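Every chain is numbered from 1 and lettered A, B, ... according to where its sequence line falls, protein lines coming before strand lines. All figures in this text were calculated on a predicted structure; none of them were measured in a lab.
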Protein chains: 2
Amino acid sequence: MEGLNHAHHNDELNIRIAGRGGQGIIKLGLFLAEASVLEGKNVVQTQSYGPEARGGACRTDLIISNGEIDYPGLRRIDVFLVLDQEAYLKYSPILDEKSIVIYDSDLVKPDRAKHIAIGFPFTKKAIEDFGNPIFANIIAFGALVAITKIIKPETALYVLKKRLKKFQEENLNAFVEGYELALITPKAVA
Amino acid sequence: MEGLNHAHHNDELNIRIAGRGGQGIIKLGLFLAEASVLEGKNVVQTQSYGPEARGGACRTDLIISNGEIDYPGLRRIDVFLVLDQEAYLKYSPILDEKSIVIYDSDLVKPDRAKHIAIGFPFTKKAIEDFGNPIFANIIAFGALVAITKIIKPETALYVLKKRLKKFQEENLNAFVEGYELALITPKAVA
């Protein structure tokens with residue numbers, strides 16, 4: 001894949017990550033923000049929490065740019081990573097036909113008429129290979145990095161190593177698994 | 001003090017927290033967001049990071065509300081907690097005469113003509129009582145909770161206990177110190 005240079009204008013990439021509370025969505029956004037800053041980029045990150053967030057849909061939005069960012073909200077979404085159907089329904093109205101949705105293929109049924117869609121079995125892989133669905137977010141992180149090329153994989157691994165002391169080896173392996181998964185299945189693009 | 005019921009309309013409190021990279025500003029915002037959600041509130045949190053954030057000014061904005069929040073940015077600031085002069089200069093233009101600035105009295109020189117200002121020696125206290133300036137953010141958190149009454153102190157302590165495993169006792173004590181500091185010095189209000 002060519003990366004998403006065609007998808008962002010003004011060197012700015014707008015990313016939304018969404019799922020259910022407990023899937024590690026906000027954390028993923030924080031890791032991506034930290035890694036982007038380490039590569040010299042500017043980042044504005046917004047997350048919403050509500051009483052419904054414990055188990056319900058939650059999301060984080062990131063604007064990642066080589067230049068200054070003056071707007072606090074997303075104008076449009078270049079890439080939407082989503083791990084839950086309810087979150088997909090709640091946070092997808094803003095998508096357009098150029099938006100790329102990276103989704104958990106066992107948990108989300110995307111509307112392919114409305115946007116580009118690339119599915120991977122993140123949660124299934126997490127259970128099969130690490131015995132626990134909690135690693136799905138890090139596998140998805142790997143796929144997101146492989147597809148967007150917004151940061152180098154080694155920067156992501158550096159941040160994961162720094163931030164995740166528990167199950168560190170599993171998390172690093174989960175990232176690499178997701179990264180390779182996305183590199184070798186470009187045909188999944190609708 | 002009466003709390004800030006006079007300062008927020010529609011049951012919504014707009015809080016900005018700012019300082020230098022390394023002062024634990026973003027973390028403080030995350031703790032406040034988590035505690036607010038535990039009390040059944042909705043929260044939208046935005047943080048900016050840039051290459052300058054490592055050591056330079058950084059900030060996080062929170063909208064905390066009993067109802068739905070539809071706007072991703074701050075309309076105005078009810079309360080501005082600030083631990084660094086550069087951050088004060090960079091992020092204070094949006095303040096108005098009803099905004100309340102809670103600041104580190106050794107590190108920030110606020111323009112009292114423009115807003116309400118309440119100063120405390122957060123960093124000095126952290127060094128004197130805990131031997132390390134890194135506890136200044138948690139002392140400031142205690143003061144912020146005491147002044148705004150946006151969450152119960154026990155909810156804040158619950159979140160700190162859950163999130164901070166390193167120096168946990170010091171952090172809990174730092175929170176209580178800040179909370180009591182703000183309760184007993186209402187005369188500091190300009």
Side-chain angles (χ1 to χ4, degrees), chain A residues 12 14 16 21-22 24-27 29-77 90-91 93-94 151 155 159 162-166, chain B residues 12 14 16 21-22 24-27 29-77 90-91 93-94 151 155 159 162-166:
Chain A
E12 196 172 287
N14 296 318
R16 171 165 290 177
I25 297 299
I26 308 296
K27 219 170 255 182
L30 293 169
F31 296 154
L32 178 58
E34 184 171 354
S36 301
V37 170
L38 282 175
E39 293 200 359
K41 295 175 200 298
N42 291 289
V43 180
V44 172
Q45 183 190 10
T46 299
Q47 59 264 37
S48 301
Y49 313 86
E52 77 291 352
R54 283 172 311 225
C58 66
R59 59 125 182 133
T60 180
D61 292 338
L62 298 103
I63 305 172
I64 302 174
S65 174
N66 289 322
E68 289 273 320
I69 301 164
D70 54 0
Y71 190 70
L74 293 188
R75 265 172 282 252
R76 61 175 296 274
I77 292 177
K90 186 165 179 185
Y91 300 118
I94 192 184
I151 49 168
T155 312
V159 169
K162 190 172 152 202
R163 294 294 170 197
L164 296 173
K165 302 297 183 189
K166 256 161 74 180
Chain B
E12 197 173 286
N14 296 318
R16 172 165 290 177
I25 296 300
I26 307 297
K27 220 170 253 183
L30 292 170
F31 296 153
L32 178 58
E34 185 171 355
S36 301
V37 169
L38 283 174
E39 292 200 1
K41 294 175 200 300
N42 291 290
V43 180
V44 172
Q45 183 189 10
T46 299
Q47 58 263 37
S48 301
Y49 313 86
E52 78 291 350
R54 285 172 308 225
C58 65
R59 59 122 183 135
T60 180
D61 291 338
L62 297 102
I63 305 172
I64 302 174
S65 175
N66 289 322
E68 289 272 319
I69 302 164
D70 54 359
Y71 190 70
L74 292 188
R75 265 172 281 251
R76 61 174 297 275
I77 291 177
K90 184 164 180 186
Y91 299 119
I94 192 183
I151 49 169
T155 312
V159 169
K162 190 172 151 200
R163 294 295 171 195
L164 296 173
K165 303 298 184 190
K166 256 161 75 180

Problem - From A/Ser48 atom OG to B/Asn42 atom CG, the distance as rounded to the nearest 0.5 Å - result: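 Between A/Ser48 OG and B/Asn42 CG, I get 8.5 Å after rounding to 0.5 Å.
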Problem - Rounded distance (nearest 0.5 Å) linking atom CD1 of B/Ile26 with atom CD of A/Gln45 - result: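 Spacing of CD1 (B/Ile26) from CD (A/Gln45) equals 9.0 Å.
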Practice task
Select, from B/Thr60, B/Val43, B/Leu62, the one with the greatest count of heavy-atom pairs under 4.5 Å involving chain A.
Solution key: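 Max contact count across the listed options: B/Val43.
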Practice task
Decide yes or no for A/Leu30 and B/Tyr49: does some side-chain heavy atom of the first lie under 4.5 Å from some side-chain heavy atom of the second?
Solution key: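 With C-beta onward as the side chain, the pair touches.
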